[in-house]
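One structure is given here, and the rest of the page talks about it.
First the proteins, then the strands, lettered A, B, ... as listed; each starts at 1. A quick note: this is a predicted structure, and the numbers were derived from the prediction, not measured.
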There are 2 protein chains.
Amino acid sequence: MDRKKPPPEQTPPDLQRLDAQLCFAVYSTMLGFNKVYRKLLKALGLTYPQYLVMLVLWEHDGLRVSEIGERLFLDFPTLTPLLKRLEVQGLVTRRRSASDERQVIVSLTEAGTALKAQAADVPGCVATALDCSLETIGDLRSRLVALRNNLMQQD
Amino acid sequence: MDRKKPPPEQTPPDLQRLDAQLCFAVYSTMLGFNKVYRKLLKALGLTYPQYLVMLVLWEHDGLRVSEIGERLFLDFPTLTPLLKRLEVQGLVTRRRSASDERQVIVSLTEAGTALKAQAADVPGCVATALDCSLETIGDLRSRLVALRNNLMQQD
DNA sequence: CAATATTAAATCGTGTGCTATGTAATAGCA
DNA sequence: TGCTATTACATAGCACACGATTTAATATTG
């Protein structure tokens with residue numbers, strides 16, 4: 001009578017545990033960030049992805065859609081409707097480029113530019129919610145960026 | 001003729017830069033993870049969130065929807081349709097609890113259980129894409145979990 | 001025991017994010 | 001110069017994620 005079970009053929013159990021997955025830590029942290037940002041950005045009338053777009057434009061106004069997409073690692077099907085909604089809100093304009101009509105230039109309106117001052121408290125409030133040192137934040141950030149760049153290279 | 005501009009009233013510019021935001025590092029890292037997981041999980045017929053649900057059930061079969069939600073920090077509007085699709089794929093069953101009919105118990109089917117072995121290579125392939133040490137991964141994971149818990153406490 | 005409050009899940013509506021596809025403009029080549 | 005290939009963006013369809021609301025079951029209270 002053979003009581004000895006064969007060794008499992010799959011990955012050792014602990015590598016397939018939810019909490020062993022770095023991706024789940026990233027995913028669930030992002031869920032947490034969304035929760036915090038949703039509250040903070042509600043007063044500004046922005047969703048989190050819209051806020052990211054505004055951050056990009058506040059830094060460098062008048063970009064092509066593709067340039068915004070490159071900056072945020074987002075594609076056209078995501079950006080086009082999102083930018084349309086920002087345009088409807090009067091925060092940006094979308095104009096065909098005169099030199100190349102395939103390109104759409106996204107520019108801040110006065111209201112869009114003015115929104116930057118209203119959003120000035122956001123990073124501080126987020127830092128408060130995080131409740132950890134600037135050094136930790138900076139270290140985490142640069143490590144995540146390195147991972148992101150590795151992941152984005154997969155093809 | 002006053003050539004001196006008044007100091008800006010908003011947050012110092014570097015705090016409102018996109019790349020200064022930890023949340024953007026997390027967000028864009030998750031975009032990268034999605035890209036990698038989408039490819040790996042395609043052969044299993046799973047999306048990334050569905051994979052997370054399967055990880056939970058492989059660990060502990062027969063949970064209530066709310067228990068899965070607590071485990072993954074996800075709400076009913078997300079989980080109900082997702083679980084329905086897993087049921088349609090024949091990977092889980094959803095049954096009303098006899099002792100409390102408000103509760104739905106989610107159980108793995110034979111196919112759902114068997115899928116675990118097919119998914120055995122996933123964590124290893126992800127680790128390869130990450131191209132960094134297990135120690136780094138573990139450290140990042142625990143730090144992110146700490147942040148997540150802080151963020152989730154905001155209310 | 002009946003009425004009310006609470007709980008668990010389902011549904012609805014909105015905004016993403018991505019693959020696939022379509023449209024229009026520009027570039028490149030013979 | 002005309003044709004083809006490439007580029008930039010828009011659209012379509014699907015799967016999330018979440019606040020708001022609804023439905024049904026259970027718990028609590030008088």
Side-chain angles (χ1 to χ4, degrees), chain A residues 24 27-39 41-42 44-53 63-70 72-89 94-106 151-152 154-155, chain B residues 23-24 27-39 41-42 44-53 63-70 72-89 92 94-106 151-152 154-155:
Chain A
F24 179 61
Y27 178 80
S28 57
T29 300
M30 198 60 229
L31 293 180
F33 267 125
N34 281 334
K35 188 176 160 109
V36 169
Y37 273 97
R38 211 161 18 241
K39 282 186 179 155
L41 297 175
K42 187 173 180 181
L44 304 179
L46 296 177
T47 62
Y48 175 67
Q50 290 174 353
Y51 173 66
L52 292 181
V53 169
L63 295 177
R64 286 172 284 150
V65 179
S66 54
E67 283 171 322
I68 297 174
E70 279 163 23
L72 296 175
F73 305 98
L74 291 175
D75 262 336
F76 293 109
T78 304
L79 281 175
T80 300
L82 186 155
L83 292 170
K84 279 188 173 179
R85 281 187 293 272
L86 283 181
E87 192 178 32
V88 165
Q89 288 178 242
R94 297 183 312 129
R95 299 286 182 267
R96 288 277 163 186
S97 164
S99 52
D100 183 345
E101 289 188 25
R102 293 174 302 181
Q103 303 182 347
V104 170
I105 308 297
V106 183
L151 292 167
M152 292 294 184
Q154 303 303 312
D155 226 309
Chain B
C23 64
F24 179 60
Y27 177 82
S28 57
T29 300
M30 198 59 231
L31 292 180
F33 267 124
N34 281 335
K35 189 178 160 107
V36 169
Y37 273 96
R38 213 165 9 245
K39 280 184 178 157
L41 298 175
K42 187 172 179 180
L44 304 180
L46 296 176
T47 62
Y48 175 70
Q50 288 173 355
Y51 173 64
L52 293 181
V53 168
L63 294 177
R64 285 172 283 150
V65 178
S66 53
E67 284 171 321
I68 298 175
E70 279 164 22
L72 296 175
F73 306 98
L74 292 176
D75 262 336
F76 292 108
T78 304
L79 280 175
T80 299
L82 186 155
L83 292 170
K84 277 188 177 179
R85 282 186 290 274
L86 284 180
E87 191 178 32
V88 166
Q89 288 180 240
V92 306
R94 297 183 312 130
R95 300 286 183 264
R96 288 277 163 186
S97 165
S99 54
D100 183 345
E101 291 188 26
R102 295 173 301 180
Q103 303 182 348
V104 170
I105 308 297
V106 183
L151 293 167
M152 293 294 185
Q154 304 303 310
D155 223 312

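Among the protein residues, B:Leu79 comes within range of no part of the nucleic acid, since none of its heavy atoms lies under 4.0 Å from any strand. When heavy atoms are screened at a 4.0 angstrom cut-off, B:Thr78 is found touching base atoms of the nucleic acid.
Distances shorter than 4.0 Å separate none of the side-chain N or O atoms of A:Arg85 from OP1 or OP2 on C:dT14. Between A:Thr80 and the phosphate of D:dT11, there is no side-chain N or O to OP1/OP2 separation shorter than 4.0 Å. Phosphate contact (OP1/OP2 of D:dC16, side-chain N/O of B:Thr47, threshold under 4.0 Å): present. Residue A:Gln50 places at least one side-chain N or O closer than 4.0 Å to OP1 or OP2 of C:dT16. Residue A:Ser66 places at least one side-chain N or O closer than 4.0 Å to OP1 or OP2 of D:dC9. Between C:dG17 and B:Tyr27, a contact under 4.0 Å exists linking OP1 or OP2 to a side-chain N or O. Contact annotation: A:Arg38 reaches the phosphate of D:dG19 (side-chain N/O to OP1 or OP2, under 4.0 Å).
Atom CG in B:Leu41 sits about 14 Å away from atom C1' in D:dA15, given to the nearest Å. The distance from atom CD of A:Glu67 to atom P of D:dT7 is 16 Å, rounded to the nearest whole Å. One interatomic measurement links the two molecules: OH of B:Tyr37 to P of D:dC16, which rounds to 16 Å at whole-angstrom precision. Rounded to whole Å, the distance from OH on A:Tyr48 to C1' on D:dC18 is 17 Å. Rounded to whole Å, atom C1' of C:dT16 lies 17 Å from atom CZ of A:Phe76. Following rounding to the nearest Å, B:Leu82 (CG) and D:dA15 (C1') show an atom-to-atom distance of 8 Å. Rounded to a whole Å, the OH atom of A:Tyr51 is 15 Å from the P atom of C:dT16. C:dT16 atom P lies 14 Å from atom NZ of A:Lys84, rounded to whole Å.
Contact detail for A:Gln154 and B:Lys39: the closest heavy-atom pair is O-NZ, 3.9 Å. Of all heavy-atom pairs between B:Leu83 and B:Val92, the closest is O-CG2, 3.9 Å. Considering all non-hydrogen atoms of both residues, A:Arg102 and A:Arg96 come closest at O-NH1, 3.1 Å. Of all the heavy atoms in B:Pro81 and B:Phe76, the pair that sits closest is CD-O, 4.0 Å.
Nearest to the side chain of B:Asp75, among D:dG19, C:dA10, C:dC18, sits D:dG19. If you check C:dT16, D:dA17, D:dC9 against the side chain of A:Gln103, the one that comes closest is D:dC9. Of all nucleotides listed (D:dC9, C:dT16, C:dA8), C:dT16 comes nearest to the side chain of A:Pro49. For B:Val104, counting side-chain heavy atoms from C-beta on, the closest listed nucleotide (C:dA9, D:dT11, D:dA8) is C:dA9.
In this structure, B:Leu31 and B:Arg94 both approach DNA chain C, and ranking their closest nucleotides by distance from the 5' end singles out B:Arg94.
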All N/O contacts under 3.5 Å from nucleotides 20-27 of chain C to the protein, with atom names and distances to one decimal?
residue	atom	partner	partner atom	Å
C:dT26	OP1	A:Glu101	N	2.9
C:dT26	O4'	A:Arg102	NE	3.4

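For an aromatic pair to be called close, the ring centres must be under 6.0 Å apart, and B:Tyr48 with B:Phe33 fails this.
Proximity of A:Leu31 to B:Leu151: side-chain heavy atoms (C-beta onward) are nowhere separated by under 4.5 Å.
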